[in-house]
Protein chains: 2
Amino acid sequence: SDVAPSRCIIEGTKRVQCYRDGKDVYLPFDGFLKKQFDLTGRLINKGETDERFEYFTSYAKVRTPERLDYSPTAEFGNFRTYSVEFRDRVRCISAEYGVPMSTQWDTVPYFYPIQIAQYALQHYSRNVTDKAPKIVELEAEFDPSNGQKEVIADADGGLRLKLDPRPDFATISFSWKPADPSAAFSVTVEVLRLNKTITLIYKHVDDRRCVWAEGDVLSDTYGDGEDSPVNVEAKNKQELVFAYALGTSIDPSQFTTVVRDILVDTSKGLALVQLLPLTRKESSLPGGLKIGDVKLLSLSFSGRSTLKRPIRQMTSAHGEIFLRTADWFVTNQDEQGGWPVPVMRSIADNKLVLPAGWHSAMAQGHALSVLTRAYFLTKDIRYVNAAAASLSLFETPALEGGVMNKLFNHPWYEEYPTTPGSFVLNGFMYGLVGLYDFSTVIPHGNASKKLFDDGINSLKTFLPLYDTGFGSVYDLRHLGLKTAPNIARWDYHAVHIYLLKWLNTITNEKFFDEVAERWIGYATGKRAKHN
Amino acid sequence: SDVAPSRCIIEGTKRVQCYRDGKDVYLPFDGFLKKQFDLTGRLINKGETDERFEYFTSYAKVRTPERLDYSPTAEFGNFRTYSVEFRDRVRCISAEYGVPMSTQWDTVPYFYPIQIAQYALQHYSRNVTDKAPKIVELEAEFDPSNGQKEVIADADGGLRLKLDPRPDFATISFSWKPADPSAAFSVTVEVLRLNKTITLIYKHVDDRRCVWAEGDVLSDTYGDGEDSPVNVEAKNKQELVFAYALGTSIDPSQFTTVVRDILVDTSKGLALVQLLPLTRKESSLPGGLKIGDVKLLSLSFSGRSTLKRPIRQMTSAHGEIFLRTADWFVTNQDEQGGWPVPVMRSIADNKLVLPAGWHSAMAQGHALSVLTRAYFLTKDIRYVNAAAASLSLFETPALEGGVMNKLFNHPWYEEYPTTPGSFVLNGFMYGLVGLYDFSTVIPHGNASKKLFDDGINSLKTFLPLYDTGFGSVYDLRHLGLKTAPNIARWDYHAVHIYLLKWLNTITNEKFFDEVAERWIGYATGKRAKHN
Ligand SMILES: [Ca+2]
Ligand SMILES: [Ca+2]
């Protein structure tokens, strides 16, 4: 039948262009529906015979755990798909500590414990699931006097090692003992994509920038990539040098281990001078350099240091990276047993403010997941001690620096321990997973088990309040602030579903599965009934 | 630009017919959007140059109180727009008690205290806002021996009074003293719409049917109108007789007052034999007979009785009806101070069941609003005593027959005192209005004031939980039942808005107004933000 334009009047006021045929009235997707109902749609094969318009309620892919059971030594959730180091808000992997530094809420890079734990758990998970790395040992003139176990690089001319040119051997690892702060090492690579030679120099200085460009290249000081024009000097130069800070604290009697992913380190340098696009998309494929983009040329040492054999080049080093990061949690715990966030955080249009130094139940829980895995891997009691010392913050009220708020007299472990409480759902559930993980370290985890059980009871009590009938709320801030509810965007809704299924594998609590299934329905346009 | 059919694939599976032009893709309203998003729409002036499609999120008209202040002697909400007596679930106005009888949840008519109170408050409100009724006194041969104040209708031939033919004089009112149960009266009318003569006979019998057809006319026994075919005999007869039961309890020493709205009584008879369409639409204009449909012919008395002068015919009798109904609350209070609902009620797919005899905070609150107004009108202390005696049920837990459930240790006055609690919002707020009303009767209302204040605190605490970000929930049953939330349909959402504005006029609590304004926005398609 004929189709003709027709006017639609929305709520008595707004006009939009519609069509009408003999059967129905048709409303515009981009012109009205998309924004009104927060929808996703795209036209496929435009103009061809199989043209179609794909309509989705949620843009987010809903995932559920692959395993029906749960083990605190297995991979952690779907974190193996994370790429924490390539997130644009990660300025670099600290050369001094081997952990990511964030610029998310401050232009000066800082240690963000949640991000550091996710970095650890990502590498732990890949270590569990990925194939073992391929490794080559680099040749050097090792000293015959000690069984060819060491080589001394001295100030005169230094030591230069040729790197294996196979593109997937992008990680280098070695143990060295710098004699004094003048000792340094550097890696030179060719970036095929840009036709440039890049040198990364790692030196014993204290520099808050984490990574920076050397020479007469304008560098976006803190690398947030938002307020600097494309860097013309950097674009025109054939050779660029980026420096990483190793810190100035040296113990000349100790070997320390270095593990660097050269693709990551090169990417973070290039991003700094706007030579790589920054990606804004989290936990997807990296926006940085990929295997094949870079050819590793050489590893050089200057100043005086001793190197232990083997000096290795490898396709990955997930286990080493995990343990180095777990150690960060052991050596960076504060006197309350926490890993404080060193930047101020304000949420709810600045109605809720956490001054720098706050603790997060999500950080504490993630740390428990890291420390538990490190302990099971190494049986090193330091990890257990750190985990046990961290528990009291779960019982300490938000107003006293802890992560606990009472919600109608039930404990809630707060991702953001605000006053009044915000009761963020996903951070609470991550906290519970961490408490569960440590509770399996018998008998050290008994207090963790109690905190976990109490938290599960709270979750069972309050979970219905996060159900809007068409999606979920991110938190219950509206209880204290007396505002509209803070609807979870679809990717957080998907995280809620994943975590409920996850907790179901831990507790066998059918209710969590029922809610998860209903929420999966919401993500495909199902809605709760009205009366 | 050209418009052409295009296929839409909904959530990867369902196909619907769409259109596409050079600018956008257009989705079908009836074919998809209406049901998916619970929308309302209609095509206006189809095919004409000013054709338009009117799109609304909510089908319900949002109303707010006209007054910015509130007085417990002013009209009650917008109840003056109610037509309780014409609701199809009101079988009839009991001739014995002068109050409506319901068939909503049982086929046998029963007293439903919420409905009875709404009937009282409707007439109270109309008495406040409407013009005074026009009244004529019927002529009769009053006895000169007592100053022409009385007339005796005796068994021989009886007394027949001609009625005023003006169509708006549809209510009759008189006081009489029947000598024995054989005394009766009847009203004969002509229904112009149907061209039939109808006689309504009011007699001293006990009959559970409230109203019924006499003679050889098939009568839908309990008048629910749902399981009987159109009544052919009734359709073909020129004269029909319907009977109303006055009960058999007679005090021959007492005059009793009769007030009957003949339009209502005729309508309820005709509905019984399917000669009038039953309306399913509540609180809108009656589906029964309207002024002008009926011509009143005569009022007759049979058996022996004494009538007091004046015998009146009037355009309305709101004040009399209100007080007669208020008296029902005084004389029908149970030993707990309540007005029990005599039928079983089950909600939430029978997961929550209230056995017959349950109390409702909505009934109790409405009763307080009725009794407070009756007291202010008459200064009769019986109304205060009944109100005071009713308060303890607000403090009595649901499990002990009261109307109170604790919600996280805060009291909630339950419209349906289920276990676990259902926490219906609108009934709670009506209960609060009733408590407030009686709290203004100083000093008798002090306990009522305390209950009101406690309830307002609970409302302030929990109101955010009723906000879904796109509408409101009807109750919090999902907290106890662990189910999906029970979304309020749009007319209940509008009731929530009205009541929040109403409580704002009582308390000056800005929060109630903020929520009401946000919820008005939801009814016109606004939605809370996601993060
Ligand atoms: Ca910058
Ligand atoms: Ca029937």
Side-chain angles (χ1 to χ4, degrees), chain A residues 3 5-12 17-21 23-31 33 36-38 41 43 51-57 408-409 460-461 464-465 467-471 473-474 478-479 482-489 492 511 514 518 524-525 527-531, chain B residues 3 5-12 17-21 23-31 33 36-38 41 43 51-57 408-409 460-461 464-465 467-471 473-474 478-479 482-489 492 511 514 518 524-525 527-531:
Chain A
V3 56
S6 187
R7 252 189 319 159
C8 284
I9 312 290
I10 308 297
E11 311 290 353
Q17 153 85 51
C18 288
Y19 285 99
R20 180 169 72 77
D21 65 10
K23 288 189 315 229
D24 214 334
V25 172
Y26 298 79
L27 279 76
F29 188 81
D30 284 334
L33 299 170
Q36 176 64 22
F37 297 111
D38 185 26
L43 192 65
E51 171 182 309
R52 63 191 184 275
F53 181 76
E54 293 187 343
Y55 166 110
F56 294 101
T57 297
F408 300 123
N409 226 31
K460 280 155 68 177
T461 301
L465 300 181
D467 190 324
T468 68
F470 72 101
V473 289
Y474 182 77
H478 52 306
L479 261 175
K482 306 295 182 193
T483 53
N486 182 27
I487 308 297
R489 62 174 191 256
Y492 277 119
F511 171 50
E514 288 166 359
R518 183 162 62 244
T524 54
R527 295 156 69 95
K529 279 185 293 190
H530 59 72
N531 62 354
Chain B
V3 56
S6 187
R7 252 188 320 158
C8 283
I9 312 291
I10 309 295
E11 312 290 354
Q17 152 84 53
C18 288
Y19 285 99
R20 182 170 70 79
D21 66 9
K23 287 189 314 227
D24 213 335
V25 171
Y26 299 79
L27 280 76
F29 188 81
D30 284 334
L33 299 169
Q36 176 63 21
F37 298 111
D38 185 27
L43 193 66
E51 171 182 310
R52 62 191 183 275
F53 181 76
E54 293 188 343
Y55 166 110
F56 294 102
T57 297
F408 301 122
N409 228 29
K460 280 155 67 176
T461 301
L465 300 181
D467 191 323
T468 68
F470 72 102
V473 289
Y474 182 76
H478 52 306
L479 261 175
K482 307 293 183 194
T483 54
N486 181 28
I487 309 296
R489 60 175 194 256
Y492 277 119
F511 171 49
E514 287 166 359
R518 184 162 61 245
T524 54
R527 295 158 70 96
K529 280 185 292 190
H530 59 72
N531 62 353

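Lettering of chains follows the sequences in order, A, B, ..., and the numbering in each one begins at 1.
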inquiry  = Please rank B/Cys18, B/Pro5, B/Gly525, B/Gly31 by heavy-atom pairs under 4.5 Å with chain A and give me the top one.
reply    = B/Gly525
message = For A/Leu33, which atoms come within 4.5 Å of any heavy atom of chain B: side chain, backbone, both, or neither?
response =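 Looking at A/Leu33, just its side chain touches chain B.
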message = Is A/Asn531 close to chain B through its backbone or its side chain, or both, or neither, when contacts mean heavy atoms under 4.5 Å?
response = both
message = The criterion is salt bridge (charged side-chain N to carboxylate O under 4.0 Å, His left out); which residues satisfy it with A/Arg52, sequence neighbours excluded?
response = A/Glu54
message = Pairing donors with acceptors under 3.5 angstrom, does anything connect the side chains of B/Thr524 and A/Glu11?
response =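 There is no such pair between these side chains.
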request  = Measure from the side-chain N and O atoms of B/Glu51 to the backbone N and O of A/Arg7, and report whether any donor-acceptor pair falls under 3.5 Å.
outcome  = no
Part of [X] lying under 4.5 Å from any heavy atom of chain A:
| X | result |
| --- | --- |
| B/Asp467 | both |
| B/Phe56 | both |
| B/Thr461 | both |

Who wins among [options] for the most heavy-atom pairs under 4.5 Å with chain B?
| options | answer |
| --- | --- |
| A/Thr483, A/Ile9, A/Asp24, A/Ile10 | A/Asp24 |
| A/Ala528, A/Gly12, A/Ala484, A/Ala488 | A/Ala484 |
| A/Gly41, A/Gly471, A/Ser6 | A/Ser6 |
| A/Lys482, A/Gln17, A/Lys529 | A/Lys482 |

ask   = Under the 6.0 Å and 45° cation-pi test, does A/Arg527 pair with B/Phe470?
value =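 Yes, a cation-pi geometry holds between A/Arg527 and B/Phe470.
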request  = Measure the spacing between OG1 of A/Thr57 and CZ of A/Phe37 and express it to the nearest 0.5 Å.
outcome  = 11.0 Å
message = Please confirm whether the ring centroid of A/Phe408 lies under 6.0 Å from the ring centroid of B/Phe408.
response =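 A/Phe408 vs B/Phe408: aromatic centres under 6.0 Å.
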ask   = Under 30°, 30 to 60°, or over 60°: which ring-plane class applies to B/Phe53 and B/Phe29, parallel, tilted or perpendicular?
value = perpendicular
